[in-house]
Every structure is written in structure tokens, then in C-alpha cells.
Amino acid sequence: MRYFEIEGRTADEALNKFLAERRISKDFVEYEVIEQGSKGFLGIGSKPALIKVKFDDGEFLKRRSKLLLSELLEKAGFSDFSIEVKEQGSDIILNIKSEDSSLLIGKTAQTLDSFQYILDKMLKTEDRTETGVVIDVEDYRLRTVKQFKEKAVRLAKNAVKTGKTVKLPPMVTMIRKEIHLSLKEVAGITTKSKGEGNVKEILIIPENRVRRRPPRQNDN
């Protein structure tokens with residue numbers, strides 16, 4: 001919940017200005033009039049109205065995100081689907097349920113990653129909190145990230161022991177970000193992405209890595 005103080009010639013004008021600027025409906029706000037404002041005499045001594053608005057930005061973001069995702073799916077040719085809205089930590093999860101789940105995910109999750117990219121762009125201009133909006137399909141993302149995290153952490157710990165760089169298989173941006181974050185918790189390694197486009201490998205590089213010696217040159 002967030003609070004704003006808005007001025008206008010009248011309380012109604014101040015409220016309408018707030019709603020129009022943020023493209024939200026009156027259902028998401030509560031407000032109280034702090035100053036009624038006055039016209040003064042012949043415009044002299046006039047005072048603007050002042051209202052205090054309480055905005056339920058969390059609930060608005062849930063509904064706005066779900067609506068935008070529904071429109072994206074329909075424009076992409078999908079019609080038989082439902083969207084479950086869940087919360088996970090500070091994130092809002094939009095979990096799509098559909099018989100077309102394999103098409104929605106795509107090869108190596110590239111279709112799902114594209115939907116995420118477009119929705120992020122559409123929400124970028126929204127006046128919102130640090131809450132993230134994450135798209136998933138039949139909990140695919142949740143399962144895949146968990147699987148890759150467990151494997152990545154295990155390989156990272158082994159890389160620290162051996163001093164050898166480890167390469168993870170190519171993965172899309174949304175999953176790669178999660179892996180980079182999880183590996184920050186492992187001491188003694190750094191990570192970086194390698195490749196072109198949005199499908200890249202992750203390199204797990206130990207700080208004490210063993211560097212290959214250059215081949216000996218024959219003096220003869």
C-alpha cells in the first residue's frame with residue numbers, strides 16, 4: 001500500500017488527475033480530502049484542493065499483469081488457457097495452465113522467455129514497487145530452475161576443489177539469471193555467460209583456477 005498527496009482545483013480534479021496519470025480505476029484507491037480548496041475573490045487568494053490517496057499497488061499490479069498477459073497470449077493465437085496468480089517471496093507468479101503448454105514453453109524455453117521479455121517491457125513504465133512479475137507454464141520454470149540450481153551449486157563446489165572451470169549447458173535469460181543469483185552464495189567462484197543471443201552457457205570459474213601451461217617450444 002502506498003500513499004500520495006495530490007493537488008487540484010477541486011478534490012475531484014485531483015483524484016481524476018492521479019487516476020489518469022497511472023491509468024488505474026477508482027476501485028484501487030481510497031482517499032481523504034485534506035484541504036477543500038477555495039476559489040477566492042476574482043481569483044485572488046484562491047487555494048488548491050489537497051487530497052491524500054491510498055493506492056493498493058500490489059493488487060493493481062496483479063490484475064494489470066494478468067490482463068496484459070492474457071492479451072499477449074490471445075494475440076499470439078492461444079485461446080484455451082487460464083492464468084493462476086500466486087505470490088512467491090516478493091514476486092508475483094503468473095502460472096499459465098493450458099493443453100498447449102509445450103508450445104507456450106517452446107524449445108529450451110525460448111517462447112516462455114520471449115513472453116517474459118515482452119511483459120517486462122510493457123510493465124517497465126508502470127509506477128510500481130520492486131515487486132517482480134514472473135511468467136511460468138504449468139510450474140515448468142519453477143521445476144527447471146530448482147533442477148539447474150541444485151546441479152550448478154554441486155558443480156560450483158567441485159570447481160572450487162579442483163580449480164577447474166565448469167561449463168553449464170545453454171539456457172535462456174530468465175533461467176540463467178536465477179542460476180547466477182544462486183551461485184553468488186557459493187564462495188570461491190565467479191560466473192559469467194558465454195554465447196550469442198538469449199541462449200547462452202554459464203561458466204563457473206574458481207578463483208584458484210588451474211591455468212593451462214603453454215606448450216613447450218622445441219628449440220631445435
Side-chain angles (χ1 to χ4, degrees), residues 1-3 22-25 27-30 54-154 156 168-186 191 193 197-202:
M1 198 72 74
R2 300 172 68 186
Y3 297 86
R22 287 162 178 78
R23 294 181 294 168
I24 60 178
S25 77
D27 299 334
F28 292 99
V29 303
E30 297 177 19
K54 183 167 69 173
F55 173 40
D56 191 343
D57 54 337
E59 188 61 30
F60 171 72
L61 183 57
K62 288 179 186 177
R63 295 194 194 182
R64 175 75 174 158
S65 302
K66 183 177 180 180
L67 176 62
L68 288 174
L69 180 56
S70 294
E71 292 176 353
L72 279 175
L73 293 173
E74 289 171 1
K75 288 180 179 179
F78 297 97
S79 57
D80 185 17
F81 64 86
S82 63
I83 300 174
E84 176 190 17
V85 182
K86 303 186 290 185
E87 291 188 35
Q88 181 179 312
S90 61
D91 290 334
I92 295 170
I93 310 297
L94 302 178
N95 189 37
I96 305 169
K97 296 187 176 183
S98 171
E99 293 184 358
D100 297 319
S101 58
S102 59
L103 291 175
L104 287 164
I105 295 169
K107 185 179 180 181
T108 63
Q110 290 189 65
T111 303
L112 177 55
D113 194 51
S114 296
F115 279 123
Q116 182 71 63
Y117 176 81
I118 295 170
L119 185 65
D120 286 345
K121 290 292 184 182
M122 296 175 77
L123 290 172
K124 191 174 182 180
T125 57
E126 301 288 345
D127 182 15
R128 59 192 181 96
T129 62
E130 293 303 313
T131 302
V133 179
V134 178
I135 303 175
D136 205 347
V137 177
E138 303 282 3
D139 291 321
Y140 165 86
R141 179 172 178 160
L142 181 66
R143 296 193 307 271
T144 304
V145 167
K146 181 181 178 182
Q147 177 186 345
F148 271 115
K149 273 185 179 180
E150 292 172 353
K151 180 179 180 180
V153 170
R154 187 170 65 251
L168 295 178
M171 57 189 82
V172 291
T173 305
M174 63 181 189
I175 296 177
R176 205 167 59 248
K177 284 181 179 178
E178 296 276 359
I179 305 306
H180 280 299
L181 285 173
S182 66
L183 290 177
K184 282 185 176 181
E185 300 174 5
V186 181
T191 64
S193 296
N198 69 323
V199 181
K200 300 178 182 178
E201 300 170 336
I202 290 180

Between [X] and [Y], is any pair of side-chain heavy atoms under 4.5 Å apart?
X      : Y      : result
Phe148 : Leu168 : no
Leu61  : Leu123 : yes
Ser25  : Phe60  : no
Ile24  : Phe55  : yes
Leu73  : Ile83  : yes
Leu119 : Leu94  : yes
Leu183 : Val153 : yes
Ser65  : Met122 : no

Please enumerate all residues that pass side chain to side chain contact (heavy atoms under 4.5 Å, CB included) together with [X], with sequence neighbours excluded.
X      : answer
Lys149 : Val145, Glu178, Ile179, Ser182
Glu201 : Lys167, Pro170, Lys194
Gln116 : Asp120, Val134, Ile135, Arg141
Arg63  : Phe28, Glu59

Between [atom1] of [X] and [atom2] of [Y], what distance do you get to the nearest 0.5 Å?
X      : Y      : atom1 : atom2 : answer
Asn198 : Met174 : CG    : CE    : 9.5 Å
Glu71  : Leu67  : CD    : CG    : 4.5 Å
Asn95  : Tyr140 : CG    : OH    : 13.5 Å

Identify all side-chain donor-acceptor contacts of residues 99-109 below 3.5 Å with residues at least two apart in sequence or on another chain.
unit_1: Thr108; atom_1: OG1; unit_2: Gln110; atom_2: NE2; d: 3.2

TODO: Could you please spell out the steps behind the side-chain contact (heavy atoms from CB on, under 4.5 Å) verdict for Lys54 and Val29?
DONE: CA-CA 6 Å; Lys54 183 167 69 173; Val29 303; over 6 Å; no
Using modelled atom types and a 3.5 Å cut-off, is there a donor and acceptor pairing between side-chain atoms of [X] and backbone atoms of [Y]?
X      : Y      : value
Arg176 : Met171 : yes
Glu138 : Ser98  : yes
Asp91  : Val133 : no

Task: Chi angles and distances behind the side-chain contact (heavy atoms from CB on, under 4.5 Å) call for Asp136, Ile96 - done: CA-CA 6 Å; Asp136 205 347; Ile96 305 169; over 6 Å; no
Task: Candidate pair Leu142 and Gln88, rule side-chain contact (heavy atoms from CB on, under 4.5 Å), full reasoning - done: CA-CA 11 Å; Leu142 181 66; Gln88 181 179 312; 3.8 Å; yes
Task: Tyr117 OH: over 12 foreign heavy atoms closer than 6.0 Å - done: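 Counting other residues, nucleotides and ligands, OH of Tyr117 stays at 12 neighbours or fewer.
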Open item on the list: Suppose the criterion is salt bridge (Lys or Arg N to Asp or Glu O under 4.0 Å): which pairs have a residue in residues 78-88, not counting sequence neighbours?
Closed with: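 Every salt bridge (Lys or Arg N to Asp or Glu O under 4.0 Å) pair that includes a residue of residues 78-88, provided the two are not neighbours, is Lys62-Glu87, Glu84-Lys97, Lys86-Asp139.
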Task: For the student: nearest non-hydrogen atoms of Val186 and Ala156, plus distance - done: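 Here Val186 and Ala156 meet closest at CG1-CB, 4.0 Å.
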